[in-house]
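Chain naming here is simple, since letters A, B, ... match the order of the sequence lines and numbering starts at 1 in each. What you are looking at is a predicted structure, and each value in this text was computed from that prediction instead of being measured.
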There are 2 protein chains.
Amino acid sequence: MNIQTLCLSILYERDATGYEIRQLSTKGEYSYFVEASFGSIYPALKKLEKEGFVTSRYETAKGSPTKKIFSITDKGRSKFYNSLFDEIGEDIFRSEFLLFARFVSLLPASLVKQRINEKIERLKKKREHLLSILNSKLSKADIWVLNFGIEMIEVEINYLKTHMQQLLDIAIKENIATKAT
Amino acid sequence: MNIQTLCLSILYERDATGYEIRQLSTKGEYSYFVEASFGSIYPALKKLEKEGFVTSRYETAKGSPTKKIFSITDKGRSKFYNSLFDEIGEDIFRSEFLLFARFVSLLPASLVKQRINEKIERLKKKREHLLSILNSKLSKADIWVLNFGIEMIEVEINYLKTHMQQLLDIAIKENIATKAT
DNA sequence: ATTTATATATATCGGTTTGATATATATAAA
DNA sequence: TTTATATATATCAAACCGATATATATAAAT
């Protein structure tokens with residue numbers, strides 16, 4: 001999924017600034033399966049405008065810098081609609097945590113335990129965040145997508161909780177200072 | 001997780017060519033949570049060699065082009081080991097399928113059904129592949145990581161199977177030619 | 001009252017990574 | 001004998017990330 005397509009998918013349903021597209025893709029309802037930086041969003045919007053897929057207008061509001069608001073054109077609309085009939089690319093999953101997990105036999109159990117707990121905490125936060133978004137007014141399809149994400153995160157949390165001991169058993173056991181004299 | 005670290009993680013346990021690193025990261029036991037292209041692996045190895053973290057030697061074998069085999073140095077070994085104590089970066093998940101799912105209300109149910117089935121088939125293949133790797137001689141940690149991946153894929157398959165009808169109900173129902181005259 | 005932190009907002013730039021392509025050898029299948 | 005597949009190295013343009021710069025306004029803290 002390239003950034004141009006992501007921008008069009010958001011502009012398909014509402015006008016937005018580059019900043020808002022960034023917020024939606026990293027903190028909003030798309031944050032579970034999308035990620036885009038300013039360094040890719042602004043150039044993508046510029047190129048889309050040059051090619052006639054979007055237009056822009058400036059709006060000055062009290063309390064914030066001037067906004068550059070983008071709107072999708074009919075040309076952009078049909079470009080995106082047609083792309084929905086293309087073959088769907090593979091999902092991308094990359095995990096530094098799992099790379100770490102491969103090497104726990106070299107590491108102290110205390111570190112491994114800490115990293116697993118940090119991982120679980122992050123997943124819980126993400127879960128809470130997705131649940132909070134579920135309360136806003138969303139389309140049925142968006143609710144489906146969000147529920148999918150929440151389910152996956154819950155399974156991951158449970159798996160880590162129930163299998164973390166296995167990983168700790170592989171790690172290096174530290175000597176526990178025995179109290180007895 | 002940058003490609004240099006990925007290369008070191010593989011070379012930490014065995015010598016390898018750039019080609020083999022590519023195979024391991026896209027088809028082998030790391031394929032569930034890693035992805036790297038030749039265009040990033042070869043430059044990464046070149047840079048690692050220049051900086052003294054790996055060394056290389058050429059080997060000519062019958063039946064294949066000359067191999068450039070990389071070995072990790074003590075310097076590379078401690079660089080990688082120390083990196084295991086760094087904070088772990090967030091997992092990355094991106095899904096063109098979920099972007100597609102957001103727009104099923106614009107699309108014919110037949111297309112949606114086809115795409116979901118294609119998705120399930122791909123997941124089943126990946127699951128079978130990971131199961132087949134599980135039969136090779138692996139460390140306990142690698143088995144843990146693989147089982148984690150297999151579990152996640154199985155949950156995803158089941159979720160898609162049990163919830164696909166919800167998505168089809170949102171899609172555009174095509175007229176079914178009634179047989180009766 | 002004043003400093004600090006946070007949120008909103010646009011934009012660029014260096015470095016990394018992808019995806020495609022070029023080149024070459026050998027084997028297996030059609 | 002042609003074609004496809006696997007092995008193997010390597011480069012390049014385009015895409016993308018992460019960091020940074022700039023600016024305004026509000027909220028919080030001291």
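Across the helix from dA1(C)-dT30(D) to dA30(C)-dT1(D), the helix axis at one end is tilted relative to the axis at the other end by 40° (nearest 10 degrees, each axis from five pairs).
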Show, in sequence, the C-alpha distance, side-chain angles and deciding distance for L167(B) and M164(B), and conclude whether the side chain to side chain contact (heavy atoms under 4.5 Å, CB included) test is met. CA-CA 5 Å; L167(B) 219 44; M164(B) 73 184 285; 5.6 Å; no
Quick one: do L107(B) and F85(A) satisfy side chain to side chain contact (heavy atoms under 4.5 Å, CB included)? Show the steps, please. CA-CA 9 Å; L107(B) 299 167; F85(A) 289 82; 3.7 Å; yes
Side chain to side chain contact (heavy atoms under 4.5 Å, CB included), that's the test. Do E59(A) and D15(A) meet it? Break it down for me. CA-CA 12 Å; E59(A) 236 172 60; D15(A) 289 359; over 6 Å; no
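Note: NZ (K46(B)) to P (dT16(C)) measures 14 Å, nearest angstrom. Here dA10(D) presents its P atom at 16 Å from CZ of R22(B), a figure rounded to the nearest Å.
You'll find the ring centres of F80(B) and F103(A) inside the 6.0 Å limit.
Phosphate proximity of dT10(C) to Y42(A): present, with a side-chain N or O under 4.0 Å from OP1 or OP2. For the pair Y19(B) and dT9(D), the criterion of a side-chain N or O lying under 4.0 Å from OP1 or OP2 is not met.
Taking the charged nitrogens against the carboxylate oxygens, E13(B) and R102(A) do have a contact shorter than 4.0 Å, which makes a salt bridge. Note on E118(B) versus R115(B): salt bridge recorded, some NZ/NE/NH1/NH2 to OD/OE distance being below 4.0 Å.
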Which letter, B, S or -, goes with each nucleotide of nucleotides 14-24 of chain D from 5' to 3', with contact meaning a protein heavy atom under 4.0 Å? -SSBB----B-
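Counting only N and O atoms by type, the side chains of D86(A) and S83(A) include no donor and acceptor under 3.5 Å apart.
Here D169(A) pairs with Q165(A) under the side chain to side chain donor-acceptor pair (under 3.5 Å) rule; sequence neighbours left out.
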